[in-house]
Amino acid sequence: MSSMIDKITTEDRRIAADILDDLQVVLYAADVKLPSLGIDWRSAKATGVILIDLGAARPDVIERLVIILRRGVRP
């Protein structure tokens, strides 16, 4: 079953990886570090739903992210 999901989601997985790369570039430019940022490949393999996991972060990091999002950042 998982190989069928792999075949169906190949393009979606590539797109998710590209989006994650873009997000990391923007966060780096904003000096925001989300240490657990990644793709939840286990869920993707089991369900076919690809999720980008922002993970856990300290409140000061999230506060910085909120400020950046409000202001807008260009890489």
Side-chain angles (χ1 to χ4, degrees):
M1 176 79 164
S2 67
S3 64
M4 175 81 113
I5 289 175
D6 287 346
K7 288 179 186 175
I8 293 169
T9 63
T10 298
E11 181 65 9
D12 292 337
R13 288 183 287 123
R14 186 197 61 73
I15 291 169
D18 289 346
I19 291 169
L20 179 62
D21 288 343
D22 290 345
L23 178 58
Q24 288 173 321
V25 167
V26 170
L27 291 174
Y28 180 81
D31 196 31
V32 173
K33 294 169 186 66
L34 297 177
S36 303
L37 182 64
I39 296 176
D40 184 352
W41 294 117
R42 189 179 310 162
S43 290
K45 194 167 191 75
T47 66
V49 177
I50 299 162
L51 302 173
I52 294 178
D53 188 353
L54 301 178
R58 296 185 326 263
D60 62 304
V61 172
I62 299 303
E63 180 181 38
R64 172 94 174 117
L65 179 58
V66 169
I67 291 167
I68 296 302
L69 289 172
R70 283 186 181 143
R71 186 174 58 198
V73 170
R74 301 270 183 233

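One is the number of the first residue; the rest follow in order along the sequence.
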Once you round to the nearest 0.5 Å, how far does [atom1] of [X] lie from [atom2] of [Y]?
X: Ile15; Y: Thr10; atom1: CD1; atom2: OG1; result: 11.0 Å
X: Gln24; Y: Asp22; atom1: CD; atom2: CG; result: 9.5 Å
X: Leu65; Y: Leu27; atom1: CG; atom2: CG; result: 6.5 Å

Query - Residues forming a side chain to side chain contact (heavy atoms under 4.5 Å, CB included) with Ile39, sequence neighbours excluded - result: Ala16, Ala17, Leu20, Trp41, Ile50, Ile52
Query - For Arg58, all residues meeting side chain to side chain contact (heavy atoms under 4.5 Å, CB included), sequence neighbours excluded - result: Asp60, Val61
Requested in this report: Taking side-chain hydrogen bond (donor to acceptor under 3.5 Å, both in side chains) as the test, write out the residues that go with Thr47, two or more places apart.
Outcome: none
In the single-linkage hydrophobic clustering (I, L, V, M, F, W, Y; side-chain heavy atoms under 4.5 Å), do [X] and [Y] co-cluster?
X: Tyr28; Y: Ile62; value: no
X: Leu54; Y: Ile67; value: no
X: Leu51; Y: Leu37; value: no

**Report entry** Minimal non-hydrogen separation, Ser43 against Asp40, with atom names
**Finding:** OG-OD2, 2.8 Å
